[in-house]
Amino acid sequence: MPLSLNEIKARAAAFALEFENAGSEESEAQQFEMGFFSVFGLNQRKVSTFEKKVKLPDWAPGEYGYIDLFWPGNILVEMKSRGKDMEKAYKQAKLYADSLPNVMLPKLILICDFHTFHCYDLDNDGKKTVFTLEQLADHIELFTFMVGYQKRVYQDQDPVNIQAAELMGKVHDQLKEIGYSGHELEIYLVRLLFSLFADDTSLFEKNTLYYYLKERTAEDGSDLAPKLAELFEVLNTPEKERLKTLDEQLCQFPYIDGKLFEERLRIAAFDSKMRNALLVCCQFDWSKISPAIFGAMFQSVMNPELRRNLGAHYTSEQNILKVVHPLFLDGLWDEFEHITTLRAGKKQRLEAFHKKIASLKFLDPACGCGNFLVITYRELRLLELALLKELYKNERFLDVSTLCRIDVDQFYGIEIEDFPSQVALVALWLMDHQMNLKVRDAFGQYFARIPLRTSPKILCANALGMNWEDLVPKNELNYILGNPPFGGARLMSERQKSEVFDVFHGVKNNGDLDYVTCWYKMAAEYIQGTDIEVGFVSTNSITQGIQPAILWKELHRLGIMINFAHQTFKWTNEASGKAAVFCVIIGFSLHAHKQKQLFFYETVTGEPHEMEVDQINAYLVDAPDILIESRQKPLCNVPPIGIGNKPIDGGFYLFTDEEKKAFIKVEPMAKKYFHPWYGSDEFINNRPRWCLWLGETAPDKLRAMPEVLKRIDEVKRFRLASKSPGTRKLALTPTHFHVENMPTSNYLLIPRVSSERRLYIPIGFMKPDILSSDAVFIIPNATLFHFGVLTSTMHMAWTRYVCGRLKSDYRYSKDIVYNNFPWPSPTGAQKTAIEEAAQVVLDIRKNDPDSSLADLYDPNTMPKDLLKAHARLDKLVEKAYRKNPFMADSERVSFLFELYQQLEQEFRGNHQ
């Protein structure tokens, strides 16, 4: 299994450190040759050749050349002594590369003098990147293709989309301000949007709308609304049925149909300011927008609170393509490109392929403004256009419209709100026209599908309260896709909670599931007995912590298998004020693909790297399909873990350093009752607060401290004011905490939340006089052995893939992470070695007393000796699990899942 990108970076940094100690130039070359490939977990002797002999062209000096290090099809390396001419070395290497057979041509040429590296990307016009040995880890992505990583770049949309949305948002606000609201306003906006787009894209003659509004309406806007009402009537009337005395400018507008302008609306009212705003919209070039803009427009003009309650969120094209490509588009393009290489029967195969893609049907069961359907339609039409160019490249036609078979009636959507369902309908029509213009450009014929004779099937309904087959029979459907509403289990409305309960009726702990899981269950039930493929964007919480076991136990019962997935990435959309959301993408069906696609992200804001894997489990890793359920006690024989202290005191017992000093100044006797107070932030950043602990203080001592009594009274008042009966009961004992966990000896502290950037979660031993908050976990009676294993790569790999997340940060847990962790069974000697190595880590941390754990474990500032100490500890812990070293986190997790399964079976056998 391949190394993760973080592991490769860590190995590169370690390699650079070790390489600094190289001796002679000969040993430098040997160390580089062996060490460079080991960074990627590769055996140099198996993949590359030393001093590859190359036959040079006749014009070159000499008959043969010798490449220092060569891996055919991947990389060519030339190594020079320090101070030598690197450009000259590149010309020499390029000569060698040009002399190779095509099948052996490298993707990269690397020139190095063991200190400076010049890397040339031959797949990118020889793009040159220069870096030093110390910077190797920062440029490691240049080389990760050697172990199978493919960087996938998805282009996002032009900012003009957002500009257009903001313009329409202003028109919306002005109409709403005068009292034109609700359903009428929504339909009004949809009609305006369609008309503005048509005015710039040849559906109307160019600027027909602009000149009609400018020349036929008064500057004060008083007659603008009646003129628009008249226009909407004309657009809904066939040319033959229009009045003979109709204004000549209105006669220029075509018949649209499609029921878009059918409903009679109350006539609005405009003033000069509103008229000017609409004319500004007319002057904007709407031909440049993508109909995906409708999603951004909807988000920008909705009431923010309503938007939160509805769970509305609108995706950028970039993120939509992350679903569309692996779900169906990549496969269709591969099939098409294969057909184009055929010599016999190509025309028949192309025609059959055309028939196939024209028969595909798509459903978005939470379509919003239709972004997924719109982009899917566009991509399918682009494929059809490439097919038509190939099939009819030497032919002429009287009517190019007869060639285009893909139409909007292949697309289905369900949307709970009326306005976005209307927008989705129009957006698909507009995208259809944009694609017709591309056909026009390709074949030189004007092509417009008006009047609108076909229509997408967009149903305004609650997808969770209906049978999807009422919209489209499942034996007719091919793909389901979308981004169903996000909503955490603790943030849902009462209606949403009720829907989750109904969809997962009878499923244990269904109250811990996010709202989006309902669409997974509904889709899984709908696709039974079919070959339908599904791809959903979801919050990453459904793949972490307690949820995977609840959700996927049910989905496994229904036979669901994951075929592709994107691990956690940061959500982006085209709307203003966008919130930070961390998402995953999961593609599934009833049939397992032979090769599955797993997309990794080095950082949550980076580009995905694609890997082919054999299996993808509920945690979105290449590991056995095992579910980790909540457990009250540890699976292995280790000390129990618990949260720290939970005061429920309104903050009256907690003090900063300055507040403590000021309090002691007026109440000196209180000094001995103060204890250092550590939560996750205080522990990691070395910023302790202070806690006034009075639980064991005698009444006479308390009564001698009037300022302390005031604090006690404030705590009592705070608790009595609570709506919780349990908290009000605590008011009877105001000097005590709700949860008191105060070990009498040293204990191990683990932060509940820690940055995912760190290679290791910072943990450490605390003295018994230090009080810990409920923002951390504590393990009384923990030993150096326990510390060593918990701070190792084995435990970190387990944590990364099993724990819950707060945004992208690790959220450590007792019942899922710690209690289920499969501990090693070391020999006495192995245990001693681990304890000694763990003590070294603790000792090195003391060498920098002014540095916080945040400083020490920041990947950019982590000291070399601490990194090496951890690396040694990691190796010892891994040897306690097995003899052979682990090459990657995915391999560690796979091993740990299998060990967990074995230990779980043994545990159940012993407790039957």
Side-chain angles (χ1 to χ4, degrees), residues 544-546 630-634 638-649 651 653-657 674-693 695 736-784 786-792 795-796 798-800 802-821 838 841-842 845 851-858:
Q544 301 160 357
I546 195 173
S630 182
R631 180 185 298 276
Q632 297 302 309
K633 295 181 179 180
V638 292
I641 188 174
I643 62 170
N645 298 279
K646 188 174 183 179
I648 309 187
D649 64 333
Y653 289 148
L654 301 180
F655 296 75
T656 64
D657 199 50
F674 277 96
H675 296 262
W677 178 262
Y678 282 86
S680 292
D681 180 66
E682 292 87 353
F683 174 70
I684 292 174
N685 294 291
N686 195 24
R687 291 196 293 254
R689 290 189 291 166
W690 296 88
C691 178
L692 185 62
W693 168 238
H736 283 273
F737 296 163
H738 172 52
V739 175
E740 295 175 358
N741 194 352
M742 304 173 189
T744 56
S745 61
N746 287 357
Y747 60 92
L748 194 59
L749 183 152
I750 303 177
R752 292 182 76 166
V753 178
S754 177
S755 171
E756 51 87 26
R757 291 182 61 245
R758 302 184 182 109
L759 293 175
Y760 307 92
I761 294 176
I763 66 177
F765 286 101
M766 308 297 283
K767 295 178 180 179
D769 65 314
I770 295 175
L771 301 185
S772 296
S773 80
D774 62 333
V776 300
F777 288 104
I778 65 174
I779 308 174
N781 305 314
T783 66
L784 281 169
H786 299 122
F787 170 82
V789 174
L790 290 174
T791 197
S792 70
H795 185 252
M796 280 305 304
W798 176 263
T799 302
R800 284 190 186 98
V802 173
C803 77
R805 299 280 179 129
L806 181 62
K807 297 183 180 179
S808 61
D809 292 341
Y810 304 126
R811 178 182 275 172
Y812 200 84
S813 70
K814 172 177 74 77
D815 296 341
I816 295 293
V817 180
Y818 182 84
N819 285 346
N820 282 300
F821 179 61
V841 168
L842 292 171
R845 287 180 2 181
S851 295
S852 67
L853 290 173
D855 300 325
L856 293 173
Y857 284 91
D858 186 309

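What you are looking at is a predicted structure, and each value in this text was computed from that prediction instead of being measured. In this chain, numbering begins with 1 at the start of the sequence shown.
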Task: Trace of the ring pair (Phe, Tyr, Trp, His ring centres under 6.0 Å) decision for F655 with W677 - done: CA-CA 9 Å; F655 296 75; W677 178 262; over 10 Å; no
TODO: Ignoring hydrogens and angles, tell me if any N or O in the side chain of T799 forms a donor-acceptor pair with the backbone of H795 under 3.5 Å.
DONE: yes
- [ ] Would you kindly say whether S754 and Y857 are connected by a side-chain donor-acceptor distance under 3.5 Å?
- [x] no
Open item on the list: Are the side chains of M796 and Y810 in contact, using a 4.5 Å heavy-atom criterion?
Closed with: yes
Task: Euclidean distance, D774 CG relative to F737 CZ, rounded to 0.5 Å - done: 10.5 Å
Open item on the list: Please give me the minimum heavy-atom distance between I778 and P780, naming the atom from each residue.
Closed with: O-CD, 3.6 Å
Open item on the list: Run V638 and V789 through side-chain contact (heavy atoms from CB on, under 4.5 Å) and show every step you take.
Closed with: CA-CA 11 Å; V638 292; V789 174; over 6 Å; no
Open item on the list: Nearest 0.5 angstrom please: I763 CD1 to I684 CD1, how far?
Closed with: 11.5 Å
Task: Backbone N/O of C691 and side chain of H675: donor-acceptor pair under 3.5 Å - done: no
Open item on the list: For a side-chain contact (heavy atoms from CB on, under 4.5 Å) check, start with the C-alpha distance between I641 and N819, then their side-chain angles and the critical distance, and finish with the verdict.
Closed with: CA-CA 8 Å; I641 188 174; N819 285 346; 4.0 Å; yes
TODO: State, to 0.1 Å, how close P634 and P639 come at their nearest heavy-atom pair, and which atoms those are.
DONE: CG-O, 4.2 Å
- [ ] Output, in order, the C-alpha distance, side-chain angles, deciding distance and verdict of side-chain contact (heavy atoms from CB on, under 4.5 Å) for R631 and D815.
- [x] CA-CA 5 Å; R631 180 185 298 276; D815 296 341; 5.6 Å; no
Open item on the list: One pair to check against side-chain contact (heavy atoms from CB on, under 4.5 Å): H736 and W693. What are the steps and the verdict?
Closed with: CA-CA 8 Å; H736 283 273; W693 168 238; 3.9 Å; yes
- [ ] For residues N746 and P768, report the shortest heavy-atom separation together with the two atoms involved.
- [x] OD1-CD, 3.3 Å
Task: Spacing of I770 atom CD1 and F683 atom CZ [to the nearest 0.5 Å] - done: 9.5 Å
Task: Lys/Arg cation over aromatic F777: R752, 6.0 Å, 45° cone - done: yes
Task: pair S792-L790: side-chain heavy atoms closer than 4.5 Å - done: no
Task: Check: L856 and P762 side chains under 4.5 Å, non-hydrogen atoms - done: no
Open item on the list: In the structure I gave you, are the side-chain heavy atoms of R845 and L853 within less than 4.5 Å of one another anywhere?
Closed with: yes
Open item on the list: Taking the side chain as everything from C-beta on, heavy atoms only, tell me whether N820 gets closer than 4.5 Å to V802.
Closed with: no
TODO: Could you tell me whether a side-chain N or O of D858 sits under 3.5 Å from a main-chain N or O of A854, the two making a donor and an acceptor?
DONE: no
Task: Polar side-chain atom of N645 near backbone of S772 as donor-acceptor pair, under 3.5 Å - done: yes
TODO: Any chance you could measure R689, atom CZ, to L771, atom CG, to the nearest 0.5 Å?
DONE: 12.0 Å
Task: Distance in Å, I779 CD1 paired with K814 NZ, rounded so as to fall on 0.5 Å steps - done: 12.0 Å
TODO: With rounding to the nearest 0.5 Å, note down the distance linking CG in L692 to CG in D649.
DONE: 9.5 Å
Open item on the list: Looking at every non-hydrogen atom in both residues, tell me the closest pair between V776 and S680 and how far apart they are.
Closed with: CG1-N, 3.4 Å
Task: Side chain to side chain, Y678 and S773, heavy atoms closer than 4.5 Å - done: no
